There are 2 protein chains.
Amino acid sequence: MTSPRRVLVIEDEKMLRMALVDALVSEEFDVLQAADGEGGLELALAEGPDLILLDLMLPKRDGFSVLRAIRQDRLASHVIILSARGEEWDRVQGFEYGADDYVVKPFSMRELLLRIRALERRDAGGAPGIEDASGRVRIGQVEVDFAAYCVVRGEERMGLSRRELELLRYFLLHEGEAIDRLRILTDVWGANEAPTTRTIDTHVLKLRKKIEANPADPVHLQTVHGVGYRFTRRD
Amino acid sequence: MTSPRRVLVIEDEKMLRMALVDALVSEEFDVLQAADGEGGLELALAEGPDLILLDLMLPKRDGFSVLRAIRQDRLASHVIILSARGEEWDRVQGFEYGADDYVVKPFSMRELLLRIRALERRDAGGAPGIEDASGRVRIGQVEVDFAAYCVVRGEERMGLSRRELELLRYFLLHEGEAIDRLRILTDVWGANEAPTTRTIDTHVLKLRKKIEANPADPVHLQTVHGVGYRFTRRD
DNA sequence: CATGGCCTGTCAACGCGATGTCAATTCGGA
DNA sequence: TCCGAATTGACATCGCGTTGACAGGCCATG
């Protein structure tokens, strides 16, 4: 899940740019930055970051122009526009298309991070493996509906908490692989948070209760003694 | 992916129209386009596309007029309204004329594509449209009458305020999906308004009192802790 | 094959952030 | 201006995530 998350910040106002970079770095993004449109566009095209935070009012080349150029280059980067509500707002209404989201200045770092996370979730969102037409993933006797945050077992539906869902998605991504607890922690929880490895066991326990036919004798979520866990979809 | 998916884009603003067409073509839609209401209506009637993206503010013939004419012609096309005004009135009005969904400008291409996909899924699933013949929607024990702004529970009728109605409609359009508060805010309230996320809770509270048999133990409007809410129609 | 030590399963309890709830205030349309 | 709706804030409550304790289980060693 934690693929290289590289962000390019294109913002001329120094204070704001630094604040953004700081916040992003502490969220463990790789951060690139540029102070004007031209430099930003060059960096974007050269590096192809996963996400671009784009101010609209920029020296040398305004944000609209940058966005258009980026899209013409078929760059797959996500773009979140940072716009002031003032003058350009009307133009935003007409021009902002091709961006994935927009945040109106002044905004709180918290709000921005929430939107970035939402974007990531939508991106990783679907599911790794084969999902059926309704967007669900089958695991043995049950189906997981990631969009709905729940597992479906016949007629019965059980909710999944966010951690449970993220953990399950992680296992799905690494199907058949024995994964040690430390890696699970850093990949699913992130390096900022540092719970005990016991926490994982508890979550595995809860997942087993929800996806295993017989939680006491797990088929899909197996223990690899001295290492961690291994996940399988087939029965 | 599926059968002939033909889309007609009716939008006067050139940049936006081009952006839309590009995005749709790269999603492998057959795309038709028109720059004003009259041309759009002609194309719609002549070609009967599966989906129409309809701007409201158009030269020669506004979007409402086009929509009305399309429906009078018993055209089966789905219609998604692109509303620049962001006024609730527009949205409600649009639904009364038989639009299937609306997107408020400025919107992200991603969001639009998600809506289109949702529409396709609803369509393919053989799921009936949102409203039945009488224009009402059944939710468990109650019925919602959108035209009359009220819910009917047996003999009892309770009024719905505009926001309540908007929110409820949004949930219906995204049935079975866990939606985070931020998305609800931008989608239902629009980007120009920015109330607290707490506001949503209050409205959910009021909706629950009106549609749930036991508001303290909600069946249809469930909370997904740490995420947002999930709506279901069935009991 | 038996034993000890480490690893995991399981559960109950706690803390904190998220949500439910309502009253007070602001907003917006006749 | 007036009235109802929308929004906000305060406070109560709830649920998840986390932890620690204990009971087993697994493996390595002898």
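Just so you know, these numbers come straight off a predicted model, no measurement behind them. Note on naming: letters A, B, ... go to the chains in the order of the sequence lines (proteins, then strands), and numbering restarts at 1 for each one.
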Nearest-angstrom distance from the residue atom [atom1] of [X] to [atom2] of [N]:
{"X": "Arg198(B)", "N": "dT26(C)", "atom1": "CZ", "atom2": "C1'", "value": "18 Å"}
{"X": "Arg208(B)", "N": "dT19(C)", "atom1": "CZ", "atom2": "P", "value": "11 Å"}
{"X": "Leu207(B)", "N": "dT7(D)", "atom1": "CG", "atom2": "P", "value": "13 Å"}
{"X": "Ile184(B)", "N": "dA18(C)", "atom1": "CD1", "atom2": "P", "value": "16 Å"}
{"X": "Asp217(A)", "N": "dT8(C)", "atom1": "CG", "atom2": "P", "value": "18 Å"}
{"X": "Arg181(B)", "N": "dA18(C)", "atom1": "CZ", "atom2": "C1'", "value": "7 Å"}
{"X": "Glu212(B)", "N": "dG20(C)", "atom1": "CD", "atom2": "C1'", "value": "14 Å"}
{"X": "Asp201(A)", "N": "dT10(C)", "atom1": "CG", "atom2": "C1'", "value": "10 Å"}

Could you please name the option among [options] that lies closest to any side-chain atom of [X]?
{"X": "Thr199(B)", "options": "dT8(D), dG20(C), dA6(D)", "value": "dT8(D)"}
{"X": "Arg163(A)", "options": "dT19(D), dT18(D), dT7(D)", "value": "dT18(D)"}
{"X": "Thr202(A)", "options": "dC16(D), dG20(D), dC22(C)", "value": "dG20(D)"}

Between Leu168(A) and Ile139(A), is any pair of side-chain heavy atoms under 4.5 Å apart? yes
In degrees, rounded to 10°, what is the bend between the two ends of the helix from dC1(C)-dG30(D) to dA30(C)-dT1(D), using five pairs at each? 40°
For the CG atom of Leu172(B) and the OG1 atom of Thr232(B), what is their distance to the nearest 0.5 Å? 10.5 Å
I need the full list of salt bridge (charged side-chain N to carboxylate O under 4.0 Å, His left out) pairs touching residues 209-228 of chain B, with sequence neighbours left out, sorted by first then second residue.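 Listed once each, the pairs are Glu164(B)-Lys210(B).
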5'-most contact on DNA chain C: Lys209(A) or Gly228(A), nearest heavy atom basis?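 Counting from the 5' end, the first nearest nucleotide belongs to Gly228(A).
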5'-most by nearest nucleotide on DNA chain C - His225(B) or Leu205(B): His225(B)
If you measure from the Lys or Arg side-chain nitrogens to the Asp or Glu carboxylate oxygens, is any gap between Arg6(A) and Asp50(A) under 4.0 Å?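 A salt bridge is absent here (no side-chain N lies under 4.0 Å from a carboxylate O).
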Looking at Arg115(B) and Asp187(B), is any side-chain nitrogen of the basic one under 4.0 Å from a carboxylate oxygen of the acidic one?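 Here Asp187(B) pairs with Arg115(B) in a salt bridge, since their nearest N and O are under 4.0 Å apart.
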Assign each of Ile200(A) and Ile200(B) to its nearest nucleotide of DNA chain D by heavy atoms, then name whichever residue's nucleotide is nearer the 5' end. Ile200(B)
Between Arg230(B) and Tyr149(A), is NZ or CZ placed under 6.0 angstrom from the six-membered ring centre and within 45° of the ring axis? no
Could you work out, with side-chain hydrogen bond (donor to acceptor under 3.5 Å, both in side chains) as the rule, every residue matching Tyr229(A), not counting sequence neighbours?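 Testing Tyr229(A) for side-chain hydrogen bond (donor to acceptor under 3.5 Å, both in side chains), a comparison that skips the adjacent residues, returns Arg181(A), Asp201(A).
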Report yes if a side-chain nitrogen or oxygen of [X] is closer than 4.0 Å to either non-bridging phosphate oxygen (OP1 or OP2) of [N]; otherwise report no.
{"X": "Thr223(A)", "N": "dT8(C)", "answer": "no"}
{"X": "Tyr229(A)", "N": "dG9(C)", "answer": "yes"}
{"X": "Trp189(A)", "N": "dG17(D)", "answer": "no"}

